[in-house]
Amino acid sequence: MFCGGDADTRQKADNEVYINVYDISKVINNTLGHIGLGVFHTGVEVYGEEYGFGRCTDGIGVYKLKPTTYEGHTYKESLLVGSTNHDQSEVESIVSELCYSSWYGNNKYHLINMNCNDFSECLTRRLLHTNDAFPLWVNRPCRMAAYLLPEIVTEKVNSFDEFVFLKHVSENALRDIVDDS
């Protein structure tokens with residue numbers, strides 16, 4: 001395991017599974033971290049690829065990218081959670097299966113109830129055949145909110161998250177148009 005964004009000096013085995021953790025807000029995480037809370041994005045790294053789930057400019061869904069390069073959040077650390085017995089083509093099949101499952105295939109992203117951390121946990125369980133490998137602290141605030149807040153409040157939070165995302169995409173598209181002219 002390596003932490004804090006420092007370079008990993010050892011060679012990673014292809015079948016090692018890492019949870020790549022990103023700070024969504026360093027200010028919030030630095031403030032609440034001492035009591036075990038924070039807001040994080042995660043992706044799962046295996047065979048030199050990182051798989052994640054969420055909103056992106058192409059819509060909502062599962063994505064694949066070079067590890068630790070997710071844009072929009074600050075890379076924090078990579079947590080080694082185990083080694084998979086699946087080969088690379090089996091991993092791709094598992095990810096594909098999740099892409100087209102009813103859980104992820106129908107634009108079902110929800111900031112609190114169906115987010116990137118839920119996807120990372122699900123994929124980790126499938127790759128390692130265990131329920132104990134995923135670090136639960138990365139999704140603790142969402143689990144607490146889902147348990148403590150009424151559904152109407154969680155829906156308002158999700159709607160606000162969607163609004164902020166769409167505003168960000170629109171601003172970037174406008175900036176690209178202005179830059180091209």
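One-based numbering along the sequence shown.
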Between Leu136 and Glu121, the two heavy atoms sitting closest are CD2-OE2, 3.9 Å
To the closest 0.5 Å, what do you measure between CG (Leu123) and CG (Asp118)? 12.5 Å
Should Val27 and Tyr22 be counted in the same cluster of Ile, Leu, Val, Met, Phe, Trp and Tyr side chains packed under 4.5 Å apart? no
Quick one: does Glu90's side chain get under 4.5 Å of Arg126's, heavy atoms only? no
Is the backbone N or O of Ser120 less than 3.5 Å from a side-chain atom of Thr42, with the two atoms forming a donor-acceptor pair by type? no
Given side chains that start at C-beta, do those of Cys99 and Val95 come closer than 4.5 Å, heavy atoms only? yes
Take Leu98 and Phe53, measure what side-chain contact (heavy atoms from CB on, under 4.5 Å) needs, and give me the verdict at the end. CA-CA 10 Å; Leu98 291 176; Phe53 173 72; over 6 Å; no
Scanning both residues in full, the closest heavy-atom pair of Tyr70 with Glu50 reads CB-OE2, 4.4 Å
Thr84 side chain to Leu127 backbone, donor-acceptor under 3.5 Å: yes
Counting C-beta onward and ignoring hydrogens, is there a side-chain heavy-atom pair between Val81 and Tyr18 closer than 4.5 Å? no
CA sep, side-chain torsions, deciding dist, call: Val21, Trp137, side-chain contact (heavy atoms from CB on, under 4.5 Å): CA-CA 11 Å; Val21 181; Trp137 57 266; 4.2 Å; yes
Ignoring hydrogens and angles, tell me if any N or O in the side chain of Asn20 forms a donor-acceptor pair with the backbone of Pro67 under 3.5 Å. no
Sequence neighbours excluded, which residues qualify as side-chain contact (heavy atoms from CB on, under 4.5 Å) partners of Thr69? Leu65, Lys66
Closest heavy-atom pair and its distance - Ile19, Pro135: CG1-CD, 4.0 Å
Rounded distance (nearest 0.5 Å) linking atom OG1 of Thr31 with atom NZ of Lys26: 12.5 Å
Let me confirm one number: the NE2-SG distance from His73 to Cys116, rounded to the nearest 0.5 Å. 7.0 Å
By the definition side-chain hydrogen bond (donor to acceptor under 3.5 Å, both in side chains), identify the one residue from Glu92, Lys64, Glu45 that meets it with Tyr51. Glu92
Looking at Val138 and Asn117, what are the two nearest heavy atoms and their distance? O-ND2, 3.4 Å
I need the Asn15 CG to Asp87 CG distance, nearest 0.5 Å. 10.5 Å
Rounded to the nearest 0.5 Å, what separates atom CD in Glu77 from atom CZ in Phe40? 7.5 Å
